[in-house]
Amino acid sequence: MSESEIHSTTSPIRPRIPDPSPKWQKRWDDLNLFRAADKPDPARKYFVMPMFAYPSGDIHMGHFRNYTMTDAIARKRMMEGREVLHAFGWDAFGLPAEAAAIKRGLHPEEWTLSNVAQSKATLQRIGISFDWSREVNSCLPDYYKWTQWMFVQLYKHGLAYRKESEVNWCPNCNTVLANEQAAGGICWRCEGPVTKKNLTQWYFRITDYADRLLDDIDTLEGWPETVKSLQRNWIGRSHGAQIKFTLEDGSDFSVFTTRPDTIYGVTFMAIAPDAPLLRNLTIPEKRRGEVEKFLAEARGRTAVERMADAEKRGVDTGLRVTNPLSGEKIPLWVADYVLAGYGTGCLMGVPAHDQRDFEFARKYHLPIRPVIQTGDQVRDGAAMTDADPGEGRMVNSGPFDGLEGQAGVDAVIAHLEKHRLGQAQTQFHLTDWLISRQRYWGAPIPMIHCAKCGVVPVPEDQLPVLLPKGNIDFLPKGRSPLADVPEFMNVSCPKCGGKAERDPDTMDTFMCSSWYFLRYLDPKNDKAPFDKAKARAWLPIDYYMGGITHATGHLIYFRFFTKFLKDIGWLEIEEPATILFNHGMVMDSQGQVMSKSKGNVVSPIDMIARHGVDPVRIAMYFATPGEREVLWSDAGMVGAERFLIKVDHFVRGAREALATASFDPDRNFDVSQLSDAERDAYRKLNQTITKVDHDFELMQLNTHIAAVMELIGSLGSGESFTPEFRAVCAATMIRLLAPLTPHMSEEWWEVLGFPPSIFRAGWPKVDRSALAADTMQIAVQINGKLRGQIEVPSDAAEDAIVAIAERDPKVIPHLEGKTRVKAIHVPKRLVNLLVK
RNA sequence: GCCGGAGUGGCGGAAUUGGUAGACGCCAGGGACUUAAAAUCCCUUGUCCCAUAUCGGGGCGUGCCGGUUCGAGUCCGGCCUCCGGCACCA
């Protein structure tokens with residue numbers, strides 16, 4: 001789902017080891033090896049997927065890394081006897097396609113589909129085990145029909161609504177943005193500053209799910225802590241109260257606060273310059289001029305400018321508001337540090353106990369009145385240099401004096417509720433999800449505006465609302481290009497049959513990506529988005545892999561969709577994915593992001609032409625553990641190629657030594673019948689299986705490979721082994737590598753005389769009897785310092801080990817003239833002799 | 001400011017619950033094979049000091065300071081630096 005364009009160059013250099021990948025890709029295809037069942041055995045099903053891709057050109061090394069990782073998982077699971085679903089698709093709507101279309105004079109669809117074709121060809125050339133029969137493409141009508149269907153379901157259940165408000169607007173992209181896409185006041189696409197605009201737009205009521213989205217994070221045991229923490233912050237729940245202050249004309253003026261216990265310390269009220277409520281207020285004549293002047297200035301400042309300069313500005317409206325508890329009349333200011341989108345867009349100013357209110361009060365000479373005592377004595381407001389935000393005892397608070405901390409909060413809320421002056425309330429940082437986009441290249445919003453009937457959803461049997469493809473001017477003008485296509489816009493109202501208009505906007509592309517995993521389960525279904533029984537069989541996703549960049553966007557939206565679809569009876573799961581893995585990015589050797597403009601992009605097609613698919617995979621995996629970033633350098637190829645050449649020699653040597661054609665690759669050996677060298681090798685072989693299993697499951701493929709490197713180092717040429725033992729070593733080793741080097745392992749499997757496929761040959765099992773050894777190495781420490789190394793029988797008791805240690809020639813000098821006071825024995829590892 | 005993550009050789013990186021720091025690989029140096037080169041194989045490779053005809057021996061070392069422990073890369077307290085996210089959230 002990231003985008004950057006690359007070009008490949010062909011290279012005449014031949015790989016150092018033959019690349020058998022085309023041969024095996026064809027064979028796998030003939031065997032239908034990756035075709036997933038519609039209804040798998042629930043106990044054996046395994047659904048693994050990477051985040052689908054934005055088709056912006058050919059794939060780059062980052063994609064190569066991501067998809068070869070899910071590929072490795074899919075293949076190991078196949079070998080373990082699981083029924084695997086590993087599918088892929090294209091997140092094909094979006095701005096870059098339009099930009100490219102404008103630049104190149106192509107239709108966005110033409111550009112998109114040609115990128116899809118190219119990227120798909122590369123993925124197939126890399127041999128990723130996707131079940132291509134399940135490929136989805138979000139810009140095609142058979143997919144977006146169901147994206148529109150999802151919109152209609154949300155609408156029917158009261159979760160899609162239209163409202164006019166200040167929205168994030170990117171003047172460069174000429175479209176509105178969701179909060180998640182405008183984080184930090186910067187457009188996620190063009191990185192330009194985001195401004196505000198007043199528009200009527202479609203929203204999803206994701207805040208109705210805020211509590212569940214937050215609370216259920218605790219159930220996501222297979223998700224990384226970082227993502228969970230980012231989501232918790234983003235949802236940002238605050239407990240407090242909504243309190244009804246009143247204006248002089250008697251109308252309500254409610255604010256949200258997390259500190260109702262400070263209500264007697266309110267010395268001013270403040271409203272955001274862009275708060276909708278402000279427009280309903282009648283500013284006194286004598287103040288109007290100054291307020292208008294301030295508002296004009298405040299609106300001219302972008303979010304970025306506001307953040308760069310923490311200075312708080314404001315103006316007194318001349319209006320007065322009454323404190324519901326103290327009855328005090330306090331001034332109402334407009335202040336630019338108040339956020340229109342949080343709470344009611346207004347706040348109660350308590351300068352003694354809030355740093356921002358404090359700074360504002362100091363600047364405009366407003367009173368500072370402490371009402372919470374945190375230390376030995378009540379502070380003097382005039383002498384304070386900073387606000388005191390701590391919890392404490394209520395003072396100067398009338399009947400509430402003396403209440404401590406939470407008890408004070410609770411008492412004030414109880415009083416407010418009793419007298420209908422307010423109530424306990426929870427606020428979220430998360431806001432409703434703005435869906436409308438004023439762009440062409442997206443799924444049309446399936447809604448019709450009728451002068452008589454109002455908003456009417458397009459009947460489900462009339463979906464999809466096709467995106468018109470004729471002669472359309474894509475240039476963004478600040479309103480949807482579809483608004484200028486009468487054949488599209490003019491419809492008859494589904495309710496009354498009268499003249500009506502379509503909604504001209506398209507949907508945010510994050511809508512398409514919120515449910516795509518469900519379409520993999522039933523990609524050809526033209527009666528429903530997916531079949532419930534198939535979903536029950538395959539869900540949840542067992543392993544989902546993608547970049548950390550989607551932590552607070554896509555990964556919240558797709559959780560939201562899952563919960564919604566459960567609530568309306570389409571799914572039975574509460575959470576979509578059991579394990580989430582965040583892979584690291586691939587950078588150039590200097591640690592720079594690869595980009596066309598920097599000219600540092602490495603092409604996977606170029607790399608595999610020079611080295612072969614599997615050596616590149618090994619070099620990529622070996623560089624670093626899966627979650628960390630890779631600084632890609634060709635230097636990594638050297639070791640990868642040497643390693644695979646060694647394995648190749650070992651396997652071919654084993655094959656030549658084998659007189660007869662057949663042997664059992666899973667044969668366990670009786671340790672007592674093996675030679676010394678074989679027994680050591682057998683132990684190492686079985687230790688390696690254990691280590692590989694452990695490391696693989698954590699996506700620590702670097703140490704997985706290191707373990708096999710160690711193994712082949714200790715096996716040597718294998719010439720001293722019996723031919724059958726040697727062949728079993730080879731067969732085991734190449735199966736341990738098969739998820740990482742699928743083509744070469746398949747080739748070696750054939751060399752050893754087995755029919756394809758190695759992925760149906762089972763995963764090696766540990767022979768526990770091999771792990772036992774006659775002797776073990778024990779480190780000897782004297783007073784915690786390493787002094788020697790002894791070899792003792794594996795069943796030696798502590799006393800015997802200590803006795804052997806004390807007789808060791810390297811240990812003796814350290815014991816001379818001293819007495820041993822204690823011996824600490826760590827079984828199988830060391831003895832520590834304490835001497836004086 | 002708040003929330004996460006991370007600091008280990010020349011480099012990428014290893015190190016189950018505290019138990020032999022530097023696995024594995026790259027780079028570098030040396031050797032074998034070869035007419036030669038490539039390829040391949042073998043050896044050395046944290047650092048400092050002592051001894052080297054020879055086996056070797058010792059000190060210091062995981063961002064910094066302190067603590068717990070027989071023993072700390074790992075645990076605790078206090079810092080520093082870097083990366084990522086959010087950011088005037090009342």
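Order of the sequence lines sets the chain letters (A, B, ...), proteins ahead of strands, with each chain counted from 1.
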Exercise for the section: Choose from B/rC88, B/rG71, B/rC26 the nucleotide whose nearest atom is closest to any side-chain atom of A/Lys312. Expected result: B/rC88
Exercise for the section: Evaluate the side-chain proximity of A/Ile330 to A/Thr267: yes if any heavy-atom separation is below 4.5 Å, no if none is. Expected result: no
Handout entry: Residue closer to the 5' end of RNA chain B, A/Leu230 versus A/Asp354 (nearest nucleotide)
Key = A/Leu230
Practice task
Look at A/Arg369 together with A/Glu328 and state whether they make a salt bridge at an N to O cut-off of under 4.0 Å.
Solution key: yes
Practice task
Answer yes or no: is there an ion pair linking A/Lys312 with A/Asp336, defined by an N-O contact shorter than 4.0 Å?
Solution key: no
Exercise for the section: Using the P atom as the reference point in each nucleotide, state the distance between B/rG63 and B/rG59 in Å, no decimals. Expected result: 22 Å
Problem - Separation of B/rC70 P from A/His825 NE2 (nearest whole Å) - result: 18 Å
Handout entry: Interatomic distance, A/Lys828 NZ vs B/rU17 P [rounded to whole Å]
Key = 16 Å
Problem - Polar side chain donor-acceptor pair, A/Asp316 to A/Tyr364, under 3.5 angstrom - result: no
Problem - Separation of the C1' atoms in B/rG29 and B/rG13, to the nearest angstrom - result: 22 Å
Practice task
Using a 90° cut-off around 0 for syn, call B/rG9 syn or anti.
Solution key: syn
Handout entry: Distance between P atoms of B/rG67 and B/rA72 (Å, rounded)
Key = 12 Å
Problem - Any A/Ser238 side-chain nitrogen or oxygen under 4.0 Å from OP1 or OP2 of B/rA90 - result: yes
Problem - Step-by-step side chain to side chain contact (heavy atoms under 4.5 Å, CB included) determination, A/Met733 to A/Val708 - result: CA-CA 7 Å; A/Met733 182 163 57; A/Val708 181; 3.8 Å; yes
Exercise for the section: Identify whether any heavy atom of A/Arg820 sits under 4.0 Å from a base atom; if not, whether one sits that close to sugar-phosphate; answer base, sugar-phosphate or nothing. Expected result: nothing
Exercise for the section: Before giving the answer on ring-ring contact (aromatic ring centres under 6.0 Å, His included), spell out for A/Trp234 and A/Phe428 the whole-Å C-alpha distance, their side-chain angles and the decisive distance to 0.1 Å. Expected result: CA-CA 9 Å; A/Trp234 187 260; A/Phe428 295 95; over 10 Å; no
Give each protein N/O atom lying under 3.5 Å from an N/O atom of nucleotides 40-46 of chain B, with the pair distance.
{"residue": "B/rU40", "atom": "OP1", "partner": "A/Arg16", "partner atom": "NH2", "Å": "2.7"}

Problem - Spacing of the C1' atoms in B/rU45 and B/rG18 (rounded, Å) - result: 30 Å
Problem - Value in whole Å for how far the C1' atom of B/rG25 lies from CG of A/Asp634 - result: 16 Å
Exercise for the section: Under 4.0 Å between any heavy atoms, over every strand shown, what does A/Glu359 touch: base, sugar-phosphate, or nothing? Just pick one. Expected result: nothing
Problem - Comparing A/Leu834 and A/Leu786 on RNA chain B - which has the more 5′ nearest nucleotide - result: A/Leu786
Exercise for the section: Check whether more than 12 heavy atoms from other residues, nucleotides or ligands sit under 6.0 Å from atom CD of A/Gln406, and answer yes or no. Expected result: yes
Problem - Residues, nucleotides or ligands: over 12 heavy atoms within 6.0 Å of A/His239 NE2 - result: yes
Problem - Rounded distance (Å) that lies between atom C1' of B/rG5 and atom CD of A/Glu629 - result: 12 Å
Practice task
Could you check whether the rings of A/Trp333 and A/Phe360 sit parallel, tilted or perpendicular, using 30° and 60° as the cut-offs?
Solution key: perpendicular
Fill in the blank from the handout: Between CZ of A/Arg787 and P of B/rG71 the distance, given in whole Å, is 14 Å
Problem - A/Glu641 side chain to A/His611 side chain, donor-acceptor N/O pair below 3.5 angstrom - result: yes
Handout entry: Side-chain ion pair, A/Asp215 and A/Arg232, N-O less than 4.0 Å
Key = no
Problem - Separation between the C1' atoms of B/rG10 and B/rU47, rounded to whole Å - result: 13 Å
Practice task
Pull out every residue in residues 700-712 of chain A that has a heavy atom closer than 4.0 Å to any atom of RNA chain B, ordered by number, or say none.
Solution key: A/Asn702, A/Thr703, A/Ala706, A/Met709, A/Glu710
Fill in the blank from the handout: The nucleotide from B/rA90, B/rU20, B/rC86 with an atom nearest the side chain of A/Tyr342 is B/rA90
Handout entry: Sequence-distant partners of A/Arg820, side chain to side chain contact (heavy atoms under 4.5 Å, CB included), two or more places apart
Key = A/Val802, A/Glu806, A/Ala823, A/Leu833, A/Val835
Practice task
Select one nucleotide: of B/rA90, B/rG5, B/rC86, the one nearest the side-chain heavy atoms of A/Leu339.
Solution key: B/rA90
Problem - Phosphate OP1/OP2 of B/rC60: any A/Lys785 side-chain N/O under 4.0 Å - result: yes
Practice task
May I ask you to verify if any side-chain N or O of A/Arg829 is less than 4.0 angstrom from the OP1 or OP2 atom of B/rG71?
Solution key: no
Practice task
Using the C1' atom on both, measure B/rC26 against B/rC82 and round to a whole Å.
Solution key: 25 Å
Practice task
Note every stem involving RNA chain B: at least three consecutive Watson-Crick or G-U wobble pairs, i with j then i+1 with j-1, with both distances under 3.5 Å.
Solution key: B:1-7 with B:80-86, B:10-12 with B:24-26, B:28-32 with B:40-44, B:46-50 with B:56-60, B:63-67 with B:75-79
Exercise for the section: Please determine if A/Glu225 and A/Lys228 form a salt bridge, counting it only when a charged side-chain N lies under 4.0 Å from a carboxylate O. Expected result: yes
Practice task
Give, ordered by number, those residues of residues 621-628 of chain A having at least one heavy-atom distance below 4.0 Å to an atom of RNA chain B; if nothing qualifies, reply none.
Solution key: A/Phe622, A/Ala623, A/Thr624, A/Pro625, A/Arg628
Exercise for the section: For B/rC55 versus B/rU44, give the span between their P atoms, rounded off to a whole number of Å. Expected result: 13 Å
Handout entry: Side-chain H-bond candidate by donor/acceptor type, A/Thr552 with A/Glu180, under 3.5 Å
Key = no
Problem - Qualifying residue, where the test is side chain to side chain donor-acceptor pair (under 3.5 Å) with A/Arg259 and the options are A/Asp261, A/Thr257, A/Thr262 - result: A/Asp261
Handout entry: Candidates B/rG19, B/rC88, B/rG5 - which lies nearest the side chain of A/Leu830
Key = B/rG19
Practice task
Identify whether any heavy atom of A/Gln789 sits under 4.0 Å from a base atom; if not, whether one sits that close to sugar-phosphate; answer base, sugar-phosphate or nothing.
Solution key: base
Problem - Side-chain H-bond candidate by donor/acceptor type, A/Gln355 with A/Asp386, under 3.5 Å - result: yes
Exercise for the section: Verify whether one side chain among A/His353 and A/Asp388 offers a donor that lies under 3.5 Å from an acceptor in the other. Expected result: no
Exercise for the section: Would you check if there is a donor-acceptor pair between the side chains of A/Arg559 and A/Gln231 at a distance under 3.5 Å? Expected result: yes
Problem - Atom of A/Val338, atom of A/Ala270 and distance for their closest heavy-atom approach - result: CG2-CB, 3.7 Å
For nucleotides 73-76 of chain B, tabulate all protein N/O to nucleotide N/O atom pairs closer than 3.5 Å, reporting atom names and distance.
none

Handout entry: Separation of atom CG in A/Leu220 from atom C1' in B/rG4, rounded to whole Å
Key = 17 Å
Problem - Between B/rG84 (P) and A/Trp188 (CH2): distance, integer Å - result: 20 Å
Exercise for the section: To the nearest Å, give me how far apart NE2 (A/His694) and P (B/rA23) are. Expected result: 20 Å
Practice task
Could you measure between the two P atoms, the one in B/rC11 and the one in B/rC2, and give it in whole Å?
Solution key: 33 Å
